[in-house]
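Below is one structure; the comments refer to it alone.
First listed ligand is number 1; within each ligand, the first listed atom is number 1. Numbering starts at 1 and runs along the sequence shown.
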Amino acid sequence: MEEKLKILVIDDDEVDSMAVQQALTQAGIKMELSEVQDGNSAIAATSETSFDCILLDDNLIDDGWNLIQLLRAHAPVPVVVLLDSANEQIAVEIMKAGATDYIFKSRRSPEIIAQVLRHAVRVHRTQMQLVEAKQQLRETQELLTRQNQEIEAQRQLLELQNLKLVEASRIKSQFLATMSHELRTPMNAIIGFSQLLLRLKCGELSRQQIDMLERILKNGKNLLMLVNEILDFSRLEAGKLDIKPEIFDLAKVINAVVVEMRPLAEEKNLTLILKTELHNPLVFNDPTRVRQMLINLLSNAIKFTDCGKVEVSVKELPGNRVAIAVKDTGIGIAPSEIKSIFEAFRQVDQSTTRKYSGTGLGLPVVKALVQMMSGKIIVESKLNEGSIFQIELPRQISFRRGKQEVANHSESVKKNIKQYQTPRFAQKQMQF
Ligand code: ADP
């Protein structure tokens with residue numbers, strides 16, 4: 001259904017006005033018609049009513065088309081001018097002054113009036129929609145600009161906070177490194193002197209004194225291990241954890257660690273078993289770091305096992321790899337905790353009253369070392385049943401260093417291999 005248009009006719013000639021009205025009615029335009037006879041009344045009418053179109057007689061716009069501009073400025077309404085003379089030049093001037101369209105009175109017919117009027121309304125509405133869309137676009141752009149400015153401010157704030165965090169973390173690492181380094185010297189003195197005293201001849205020390213010295217030595221060693229863990233962790237954070245690979249007998253290193261740790265297991269009445277299934281025990285890796293990793297896993301296994309056994313096994317894997325596994329019958333780890341135990345300072349029991357001591361840095365360091373050696377660490381655990389920590393490493397690790405260093409190392413590896421080609425080692429040549 002066609003909508004009813006609100007039309008304002010501005011004409012000081014009643015006959016003309018009637019003629020327009022008749023033509024509009026004949027054209028079948030549904031409308032609500034208002035009529036005024038001069039410009040001031042027209043302005044007043046547009047203030048009160050929102051018209052769809054104004055039909056303006058050109059008799060009223062003799063003074064340089066001012067009225068058109070006034071009307072357009074007052075309300076956004078399409079203005080169609082009825083021109084007395086069929087003069088195209090005047091028509092152009094009228095359009096320039098802001099009219100939407102014009103009709104020559106001489107050619108005025110209901111159809112033409114209806115057509116021009118509907119067209120003017122349509123064009124005007126489209127223009128209005130465009131203006132509205134542009135306005136919305138502008139507003140959206142302003143909003144986006146504001147949001148961008150806010151995001152930028154947030155980003156700068158975050159960057160600043162990040163810088164502060166990095167600095168705080170650097171200071172913390174520096175503090176850890178300095179402290180642990182400083183603590184190592186007196187610890188080594190305590191351990192060294194208590195070992196010296198324990199070597200005194202029988203009878204020079206009473207049983208009680210020997211007991212006390214043994215305790216000093218044991219606690220000193222524990223403390224040194226913790227200090228070393230902290231030092232390694234600070235090196236790891238600073239990217240300074242290094243690996244110095246060489247050819248060595250893996251079975252011997254593992255055996256030595258098990259011998260060293262056996263008293264700890266015996267103290268808790270735990271059975272400590274070592275299973276070695278290596279046809280070729282030689283590997284190219286850092287023996288100190290391998291020892292460190294095994295000590296970490298084995299001391300954890302002993303620490304977190306109250307009864308039963310701890311088993312260390314080493315075997316060959318396909319792809320020229322070796323696997324070192326530490327299995328225990330201890331407290332186990334819940335599946336939800338397994339991932340987080342490799343995070344720094346993370347312990348399943350985080351309470352201050354926890355039963356088991358430790359820094360929570362052993363596993364992160366082991367994981368970092370394993371990764372540096374291009375290996376992997378696998379954990380299987382069942383709560384209250386026990387855990388298996390298995391490290392899988394290439395028999396010969398490759399290490400990322402400066403080109404020259406790698407070249408020098410390759411040379412020394414070749415030399416070492418030759419050195420190992422004695423009759424005994426000839427049968428067990430390394431398969432690098
Ligand atoms: P911590 O100094 O506490 O031993 P680690 O980084 O070596 O630190 O180990 C992190 C945590 O992982 C331990 O606190 C413990 O909760 C858990 N965990 C490690 N090894 C075992 C294990 N063999 N059995 C049970 N829990 C273990």
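With ring centers used as reference points, F233 lies under 6.0 Å from F345.
Ion pairing between R291 and E260 holds under the 4.0 Å rule for side-chain N and carboxylate O.
The distance criterion of under 3.5 Å between nitrogen or oxygen atoms is met by D328 with respect to ligand 1. Inclusion of G332 in the set of residues having an N or O under 3.5 Å from an N or O of ligand 1 is not warranted. Looking at ligand 1, you won't find any N or O of F304 less than 3.5 Å from one of its N or O atoms. Looking at ligand 1, you won't find any N or O of I331 less than 3.5 Å from one of its N or O atoms.
If you number the atoms of ligand 1 from 1 as listed, the ones under 4.0 Å from a heavy atom of P364 come out as 6 (O). Interface of K303 with ligand 1, defined as ligand atoms under 4.0 Å from a residue heavy atom, comprises 1 (P), 2 (O), 4 (O). Against a heavy-atom cut-off of under 4.0 Å, G360 is close to the following atoms of ligand 1: 1 (P), 2 (O), 3 (O), 6 (O), 8 (O). Numbered from 1 in the order shown, with element, the atoms of ligand 1 that lie under 4.0 Å from a heavy atom of L361 read 6 (O), 8 (O). Those atoms of ligand 1 with a heavy atom of S387 less than 4.0 angstrom away are 24 (N).
Residue F342 places no heavy atom under 4.0 Å from ligand 1. Using a 4.0 Å heavy-atom cutoff, S381 is absent from the residues neighbouring ligand 1. Between G330 and ligand 1 there is no heavy-atom distance shorter than 4.0 Å.
In this structure, the side chain of R395 does not engage the main chain of N320 through any donor-acceptor pair within 3.5 Å.
The closest heavy-atom contact to atom 5 (P) of ligand 1, among the options I338, L363, L383, comes from L363.
If you look at I333 next to ligand 1, the close heavy atoms, those under 4.0 Å, all belong to the side chain.
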